[in-house]
There are 2 protein chains.
Amino acid sequence: MKVNIFDVAKKSGLSVVTVSRVLNNSPSVREKNRQKVLQAIKELNYIPNSAARTLVRGKTGVIGLTITALGDTVFDCIVKTVNDRLKQSGYFLAISISNEADHEMEEASSFLFQEDRVDGIIVLSPVREEQYIAELEIKGIPYVVIDNQNEHANIPTINVDNYKGGYEATKHLLSLGHTRIAHVSGEVLFLSARERQKGFIDALADEGLSPFLIANSRFGIRSGYQVMRDWIQSGQVPTAVFAGDDAIALGVVEALEAGGYRVPEDVSVIGYDDQELASEVHPRLTTIRQPAGQMGEYAVKVLLDIINGSPIELTKFRLVPELIVRESTGICRDQRQNT
Amino acid sequence: MKVNIFDVAKKSGLSVVTVSRVLNNSPSVREKNRQKVLQAIKELNYIPNSAARTLVRGKTGVIGLTITALGDTVFDCIVKTVNDRLKQSGYFLAISISNEADHEMEEASSFLFQEDRVDGIIVLSPVREEQYIAELEIKGIPYVVIDNQNEHANIPTINVDNYKGGYEATKHLLSLGHTRIAHVSGEVLFLSARERQKGFIDALADEGLSPFLIANSRFGIRSGYQVMRDWIQSGQVPTAVFAGDDAIALGVVEALEAGGYRVPEDVSVIGYDDQELASEVHPRLTTIRQPAGQMGEYAVKVLLDIINGSPIELTKFRLVPELIVRESTGICRDQRQNT
DNA sequence: ATGAAAGCGCTAACAG
DNA sequence: CTGTTAGCGCTTTCAT
């Protein structure tokens, strides 16, 4: 049943070494023999045993990526890019969903951490960052983390400048003539949420303005909906709102429309992330795009450099997000009246 | 740097065999010695080499799962369940995103297929089903496919009864007094879309009714939006619509509200899948829930049975979906007037 | 209860 | 250009 390299050698009338050579594309094999081997491989339906190869080579050829949940189109894009880039470098990608609901410390380790199944790991937006890092350090597994929480950590990271994102989003609103601008943030527990908010406040301050309203809420549609509904009920309606993410933005839009306000005619709404949803919903969301592809690229580059022991200049990257203007933001009504 | 079992043996003053025994929880090790070994392992920070173990044992202990894209909360749930169930059985899960945009045949194989890195594979809702299956069969890798496209294929599958889903969704609308019911389907290229539509038509027929309108469209928000908008513009507004999935439903609701219709007061809308979105959007969507958890469970069970050569009674499962009533459907207005 | 020895399938020297 | 010979790190007989 199980056919191995010896079977192929016998069948092709050559030695295992030669077979191994054609397996590894060694140029030093007579074309005629190469064909014989290939032929035998095909006939026998032979597949090299990866465990044996890994054992002797000392490396697995696979890079792991841990992620906490699917259902995020930005992550999806990152993962796809990582997958492609890795393939180009001759590596395979293995993804592991780390159940964040797992009983605390119990088993922080995904299968990737166990033993030495991967040559390196990309940690994507971890919840328990410290734990992961500690474990990886101990085990001596090369890694890089994308979107980390602890800004002080001196580890290889790929991040996006959330401060700038918040700042730019607000500036966009400002440029449209808005002055009564509110912000619905995601959990301030997240560094990203805090940074976006900071950018928001500073952008306003730079114009001598202060926030019309700020709600420290949660990421998600319902959250945005509730906040906006409450504001409407209390008669406090801004002319523009900067939402902590696209889901919040969607909720805000829903609440606004339910309350009889039109977006963007009556109030403008800008999201964050540029999830797939953002360009499908009506009105299509103006938002701050995460440079997902770039994040994936850089992560792979940094990780591979570390693995190969390449001279590493820099292992901390801070990428910049991009403003995507669509339909949910427009000139401030008050402004329009003046014209 | 690299510490192996011999180092542990030396440090603990015992043989590699004994070390191996404690590694594998063999009961035949004197408690005192077990402690010594454990101690040495800890001090040396020893991690067993999985390649070596795999090589000698003949099995990897990891199950692969291929998926085409993240961003789907139903898949997310399936994957999480699979992950947990597998862990319970002592297996690890490795996920592989199969780039469907890949140059055709070129490299249909994910890293999971290459060589023999996994003991079995769960194929989740494949696009190029036939190709996958063929490859898996040739390589002799145990597998099971969830949500397959080819209804005739005689392979281990876990499916959901989409016909019943479509039928029940329609019956729900019918029970609310609706008679002018329309359907916006996903790509009829998908077996699931065709089956749902069939259930829709049959449910209507059983009441002596025929579809008010049917649009063979695509899955997605914009698609639902466009179809509904066109219907409204042409003055053909149903009192209820059965959407091929939750995204379509969301688009339909948006178009309806943009057109001045209220959901569910003026027209009822039912979705399909019960994506996370469904319960977050306003109004919260009535929908047909996919039994995601169950799918994961059955898939693992079937696959493990195949791997273990257990006497297998059945390898084809057809699970039943569930109607989740929320806010987007209500009594037909005409009906209400009569009461 | 413990250990010595024989591989698991493959590749990396080192000859020829 | 091709083959012989050692292992890679671990588990598994088979003794003791």
_To the nearest 0.5 Å, what is the distance between CD on B:Q88 and CG on B:L304?_
11.0 Å

*Between B:S28 and B:L55, who's closer to the 5' end of DNA chain C by nearest nucleotide?*
B:S28

*Given DNA chain C, 5'-ward residue of the pair A:F6 and B:V16, judged by closest heavy atom*: B:V16

*Do B:N4 and B:N49 have a side chain donor and acceptor closer than 3.5 Å?*
no

Rounding to a whole Å, what distance do you find between [X]:[atom1] and [N]:[atom2]?
{"X": "B:K36", "N": "C:dG3", "atom1": "NZ", "atom2": "C1'", "answer": "15 Å"}
{"X": "A:I5", "N": "D:dG3", "atom1": "CD1", "atom2": "C1'", "answer": "13 Å"}
{"X": "A:N24", "N": "C:dG9", "atom1": "CG", "atom2": "P", "answer": "17 Å"}

*Name all pairs fulfilling the salt bridge (charged side-chain N to carboxylate O under 4.0 Å, His left out) condition that reach into residues 19-37 of chain A, sequence neighbours left out, sorted by first residue then second.*
none

[N] phosphate, OP1 or OP2, under 4.0 Å from [X] side-chain N/O:
{"X": "B:R57", "N": "D:dC10", "result": "no"}
{"X": "A:S15", "N": "D:dG3", "result": "yes"}
{"X": "B:T18", "N": "C:dG3", "result": "yes"}

*Determine the contact category for B:V29: base if any of its heavy atoms lies under 4.0 Å from a base atom, sugar-phosphate if only primed atoms, P, OP1 or OP2 are that close, otherwise nothing.*
sugar-phosphate

Under 4.0 Å between a side-chain nitrogen and a carboxylate oxygen: does that hold for [X] and [Y]?
{"X": "B:E297", "Y": "B:K301", "value": "no"}
{"X": "B:D7", "Y": "B:K11", "value": "no"}
{"X": "A:D84", "Y": "A:K80", "value": "no"}

Anything under 3.5 Å between a protein N or O and an N or O of nucleotides 13-16 of chain C, put it in a table, one pair a line.
none

*Which nucleotide sits closest to the side chain of A:N49: C:dG9, D:dG9, C:dA1?*
C:dG9

